[in-house]
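Have a look at the structure below, then the notes.
Order of the sequence lines sets the chain letters (A, B, ...), proteins ahead of strands, with each chain counted from 1.
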Amino acid sequence: MLLSSLIFLPLLFVVLVAIAPSWLAKPITLVSTIMHFLFSLMLFKHFDPNTAALQLVEKSPWLKELGVSYFIGVDGISFWLIILTTFLTPVVVAASWSTINKQVKAFHISVLVLEAAMIGSFVAFDTILFYVFFELSLIPMYFIVGIWGGENRIYATMKFFIYTMVGSLLMLAGIIYLIFQCDVQLGELSASVLDFYRLDLTFVGGTFMSPQNILFFVFCLAFAIKVPMFPFHTWLPDAHVQAPTGGSMILAGVMLKMGTYGFLRFVLPMFPEAVAVWTPLFMGLGVVGIIYGALVAMVQVDMKKLVAYSSVSHMGYVILGLFTMNLYGLQGSLFQMLAHGISTGALFMLVGVIYERTHSRKIADYGGLAKALPIYAICFLIVTFSSIAVPMTNGFVGEFLILFGTWQAAPVYAGFAVLGVILGAAYMLWMVKKVFFGEDGEVIKKYPSMPDMNLRELLTMAPLIVLIFWMGLFPGVFLKYSNKSMENLVQNKEEYRIKLQSFRTTELPEIGDRREF
Amino acid sequence: MFYALLFAPLIGFFINGVRFRSKNAQVAGAIACTAMAVSFVSAVGFFFKLKGLPVDERALQFLLFDWIKVGDFSAPMAFTIDPLSMVMTLIITGVGFLIHLFSVGYMSHDERPAKYFSYLNLFVFNMLLLVLGSNLLVMFVGWEGVGLCSYLLIGFWFTDPAKAAAGMKAFITNRIGDAGFLLGIFTLFGLTSTVSFAEVNSYFLNNPNMLSTAWGAPVTLACLFLFIGAMGKSAQIPLYVWLPDAMAGPTPVSALIHAATMVTAGVYMIIRLNPVFLAAPNAMMVIAFIGALTALMAASIGLVQNDIKKVLAYSTVSQLGYMFLAVGVGAFGAALAHLMTHAFFKALMFLGSGSVIHAMHEEQDMRKMGGLRKLMPVTHFTFLMGWLAIIGAPGFSGFFSKDEILWMSFHSPRGSIVLWVIGAVAALLTAFYMTRLMAMTFWGRSRVPENVHPHESPLSMTIPLMVLAFLSVFAGFLCIPHGISTILPGHPHNFLDEWIHPLMASFEMPHGPNDLAIEFTLMGLTLLGILASVLLARYLYITKPEAADSAAKKYSAAHKLLLNKYWVDEAYFKGLINPIIRISRTLWVRVDVKIIDKCTYAVSDMVKNAGGGLKMVQSGNLQVYGLYILIGLVFSVWFLL
Amino acid sequence: MQSSLSIEITHYLFVSGAMFVLGLAGVLLRKNIIVILMSVELMLNAVNLAFVTFGYYLQDVNGAIITLFVIAIAAAEAAVGLALVVMIYKNYKETNIRFFEHLKG
């Protein structure tokens, strides 16, 4: 019941927010999301990191005739992503405190629904259920960008929505094919991921049109757009630039991870042969993404766009790490997902903080900010260092492990990916130099008595900065939880299975182990 | 005690970091200096502890926690105090303490001294991580950390865009090296399946068959990658360009980071991994030649610079080149000796120049100085000691270490006469430009502007100068080369060499009957050359200052070339940075907007046009809809009947 | 004689059909809302005629009952419809339905 309550508690809060007067919407949402986060920490008590099995399973039939069930659980791959979601949501609410002034209730309802959908898609082990949550997450985001966004918000939100929708519709077709394939091979219709893992999908080397190959690309397209992988990334800069601060934070912090999570949960285990064949392509695209994102970020004039392109670059690392298919790369990728969620979330928040004061995101308008806003500058520098992967911050561990894994798998790609380390420093420091150093820029002349970060902003920022260092100094704490699951994935590339483990508190755990749904 | 050694600077950083708004240089300086003193005292304590241990057991291990551990890869946050890291620790904390002390006076008029001292302490902490780390990853933490602090301190006066840009340049150039360092770690792990120094070194010591003269051999690649890291950090060709710009930082920073400690990290790393490098003769050759060429090139640029700090900066690059020349020919002991003596005399000279700049009200142009000897006697005297040390006057510290390097570059089986010639010429150039610096700054007639009244610096600034001057003079006696010791009374030992001996892979130097004779002949030649260039510089810049100008006119092409630093910066901009930016802009405007977005629009337009045809049906006219109903009705009736 | 002149069921149905088609044509082709409403009435009356005819011939009273219902509903419909027309005319000064093509795609 723990996971179900994690999904549906935010929906309960939605009701609360809806009936409360609108001036209470912000505090209610903040308090309830913080409580929700604390509640999600219960996972630590119930989650056993020493097994790759699926835990805290809940399963009940939903559409029996189609083999669709309400089937949720958590394993090492999804564990931290759930915590990341519940952690970032209150931060987002706090960060949007003063930026959202119209339709306050609707905004917070959107955020809560989004949270439920994101958690749902991380815990769903039924593909149709996953699809529902995956798509459900689009809708609140569509409104968040479309209503509270910048001038060009309608264009951006349409682009975002249609781009991601197109990809996932193809995936739906793939899922339906697989459901029927279950009937053929396993004797009954089933939409469970675990059954999909057992399917034997024909793969013919040399021909493109073999079922496994097509399914591989269908799934990849859906997730590649979400990640976003080069060359499907163009929706991201537009969406980020137009989205309100909170929207950008959720988008970069969690929603992009739904794409890489999809790769990890579906693509890699389900299509082993196709993955093996197409690894060079995807590693290549990962490397291109790293370098391309960094190069394009270097010439941006808009701070948010720069951060958005840096996301493209960072997510390129994640893709690269996933397709190394060794423990270092996979663990590094997962860590990079978390690290990127924290540091990019923080970067977007900081850009939002200054935008609120000056109403300008143009880098050229700034200069000398470090003198005017020293505390803000310190925060920004710390987050920048995390973003460019200085050791002892969270960015380094992920990037190092990914590069390390890549070097073991295919040194050439690592040789090129390492350029991202240099270019990353170049674009971020270039922005820091332009914005914070040098002579006073136009905005300072325009707003000579800008206030430094206030207490609310500092309190919002503090957990992010703490995590930046905590993750950088003690990555073992984080890697521990995903270790077994990743080992399982690496060791059983061809015959990937996840066992089920019922609640640890029940008396008959062996039944859960034996039973296969 | 180890925690005190390592974490005292970090605590100092936190205390000063929290009160970064404080304007009181005395308090901030006191905090920072206390932290450094604690660190230094514990370092000395460790030195005696280490000395008390039997030679083979001189390695103290400290494990803080498991840092990164994935699969077979394990990089604990662990530290080792052994003779090599001990030497570095003593230099870092000792010289560091003196420079902190000097900073109290130097930064007394600054607006944000607390911030300055906190950065300085953070730097020392990272530097200690770098030298004490017992595996490559911890070293990399310090490696990047010192780069970071260097970035912050170079750009300390960030309101000046040029200074901020210099910091950025330093960081990014260092990053190029760091990327190489990372690849080096990967390759080394591929060979040995470990990143721990002890294990890597013993792996290479126990597998003599690892030695490979192939260019593509993993060990050669690993060494070259690691050397790229060293190139970035220790400012070697082609990545040296950041160091002269780094002089934008406060002068004590230049002394600490860009002369005494951080820039020597590359040398330290190679000494630390000496068994690995010895297994890759090709990589060693590259290192030796790049070191020698850097020494020569930087010294030649130093000949004509007019900024006192720029001269010292190029001198640092040049001296670092010597150290790489030494490690490249396998003379690790000589490299460490030069590292140590250089740390003393270059820190001394930077602080001396800081004292001068402070007295001259932030004036750095030597053409506006001159005749300061009378006005600043202490600074002049200590600077004089530094000058004697760097040009290699017999008996001074630089003499021993530099002479050993030159001799080894000739004598070592990995050396050659070419390397010796390059090294010797660089030594002559060094003598020339350092004499020129002395002449233009302290000697001759005064060119100080009317409104500036230079005065001797306060005691807090001159005490560090005096201590460093003492060390610059006498530190050489810790590392007397074998050849020289044979003619000295009592045949003193080379203490430094013996101290680090357990960590050095055995590398047999050939012994010939005429070795001593050749060594002294070469030494004599260099000494004569040095004397000649000192006299020449003295003639050009004191006796007949107009001769220097006419010489510059006569060889104007060469003069211009040197004055503009061979146009390397410009070439990098033209050849590398601008094209990258152009490509990036093209990628953004052409690929992103013109190609990818156009393709997306093409797809969406296709859908739109398909819909456009059907749009006509929706006329909005109820009567037409009624007609549709009628037609439908007729059809369904016709169909049913 | 009488049989040849007698009015058969077909005549009634023919008239009813003709009225219905005329009404339908009016609904589909005329532009004026009031005329369209009148045409709708015409169609309803055509149906009424058919109902009464069948009721008479089959000797079933239901035909007449339904007709009465239809007349009542037609009256109500005319009332509501004309009220709408009056309101529309008041607001837009227009009774031509081509003016109200807001649903055009």
Part of [X] lying under 4.5 Å from any heavy atom of chain A:
| X | answer |
| --- | --- |
| B/Leu148 | side chain |
| B/Val603 | neither |
| B/Leu152 | side chain |
| B/Phe171 | side chain |
| B/Asp178 | neither |
| B/Ala162 | neither |
| B/Leu182 | side chain |
| B/Leu129 | side chain |
| B/Arg21 | side chain |

Under 4.5 Å from any heavy atom of chain B, what part of [X] do you find: side chain, backbone, both or neither?
| X | value |
| --- | --- |
| A/Ile388 | both |
| A/Leu327 | both |
| A/Lys159 | side chain |
| A/Ile378 | side chain |
| A/Phe232 | neither |
| A/Lys433 | side chain |
| A/Val477 | neither |
| A/Glu487 | neither |
| A/Met392 | both |
| A/Gln331 | side chain |

Exercise for the section: Taking all non-hydrogen atoms of both residues into account, name the closest pair between B/Ala179 and A/Val418 and its distance. Expected result: CB-CG1, 3.4 Å
Specify which of [options] makes the most heavy-atom pairs with chain B at under 4.5 Å.
| options | answer |
| --- | --- |
| A/Ala414, A/Gly415, A/Gly438 | A/Gly438 |
| A/Leu479, A/Val397, A/Leu473, A/Asn483 | A/Leu473 |
| A/Gly476, A/Gly332, A/Gly367, A/Pro374 | A/Pro374 |
| A/Pro391, A/Gly472, A/Pro237, A/Pro231 | A/Pro391 |
| A/Lys434, A/His233, A/Gln300 | A/Gln300 |

Min side-chain heavy-atom separation [X]-[Y] under 4.5 Å:
| X | Y | answer |
| --- | --- | --- |
| A/Ile375 | B/Phe20 | yes |
| A/Phe230 | B/Ile596 | yes |
| A/Val432 | B/Met168 | no |
| A/Glu439 | B/Asp160 | no |

Practice task
Identify the residue among A/Leu423, A/Val296, A/Ile291, A/Leu295 that makes a side chain to side chain contact (heavy atoms under 4.5 Å, CB included) with B/Ser584.
Solution key: A/Leu295
Problem - Trace of the side-chain contact (heavy atoms from CB on, under 4.5 Å) decision for A/Gln408 with B/Phe186 - result: CA-CA 8 Å; A/Gln408 311 283 321; B/Phe186 300 157; 5.6 Å; no
Handout entry: Electrostatic pair B/Asp66-A/Lys480, nearest N-O below 4.0 angstrom
Key = no
Classify the ring geometry of [X] against [Y]: parallel below 30°, tilted from 30° to 60°, perpendicular beyond 60°.
| X | Y | value |
| --- | --- | --- |
| B/Phe65 | A/Phe474 | tilted |
| B/Phe189 | A/Tyr328 | perpendicular |
| B/Tyr151 | A/Phe437 | tilted |

Flag the one option from [options] with the top tally of heavy-atom pairs under 4.5 Å to chain A.
| options | value |
| --- | --- |
| B/Val591, B/Ile581, B/Ile580 | B/Val591 |
| B/Trp143, B/Trp157, B/Tyr601, B/Phe225 | B/Tyr601 |
| B/Leu137, B/Val593, B/Ile583 | B/Leu137 |

Exercise for the section: Assess whether atom CZ of B/Phe7 is packed by more than 12 heavy atoms of other residues, nucleotides or ligands within 6.0 Å. Expected result: yes
Problem - Test item: side-chain donor near acceptor, B/Asp597 and A/Thr234, under 3.5 Å - result: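 The criterion, which ignores hydrogens and geometry beyond distance, is satisfied for A/Thr234 and B/Asp597.
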Exercise for the section: Determine, stepwise, if the pair B/Asp592 / A/Tyr292 fulfils side-chain contact (heavy atoms from CB on, under 4.5 Å). Expected result: CA-CA 10 Å; B/Asp592 243 37; A/Tyr292 183 93; 2.4 Å; yes
Practice task
Calculate, to the nearest 0.5 Å, the distance between atoms OG1 and CH2 belonging to B/Thr187 and A/Trp407 respectively.
Solution key: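 If I round to the nearest 0.5 Å, the distance is 4.0 Å.
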Problem - Output field: ring centroids A/Phe396/B/Phe140 closer than 6.0 Å - result: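 Between B/Phe140 and A/Phe396, which both carry aromatic rings, the centre distance is below 6.0 Å.
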Practice task
Verify, without hydrogens or angle tests, whether B/Arg175 (side chain) and A/Val421 (backbone) share a donor-acceptor contact under 3.5 angstrom.
Solution key: yes
Handout entry: ring-ring contact (aromatic ring centres under 6.0 Å, His included) evaluation trace for B/Phe73 with A/Phe404
Key = CA-CA 10 Å; B/Phe73 178 84; A/Phe404 188 73; 4.6 Å; yes
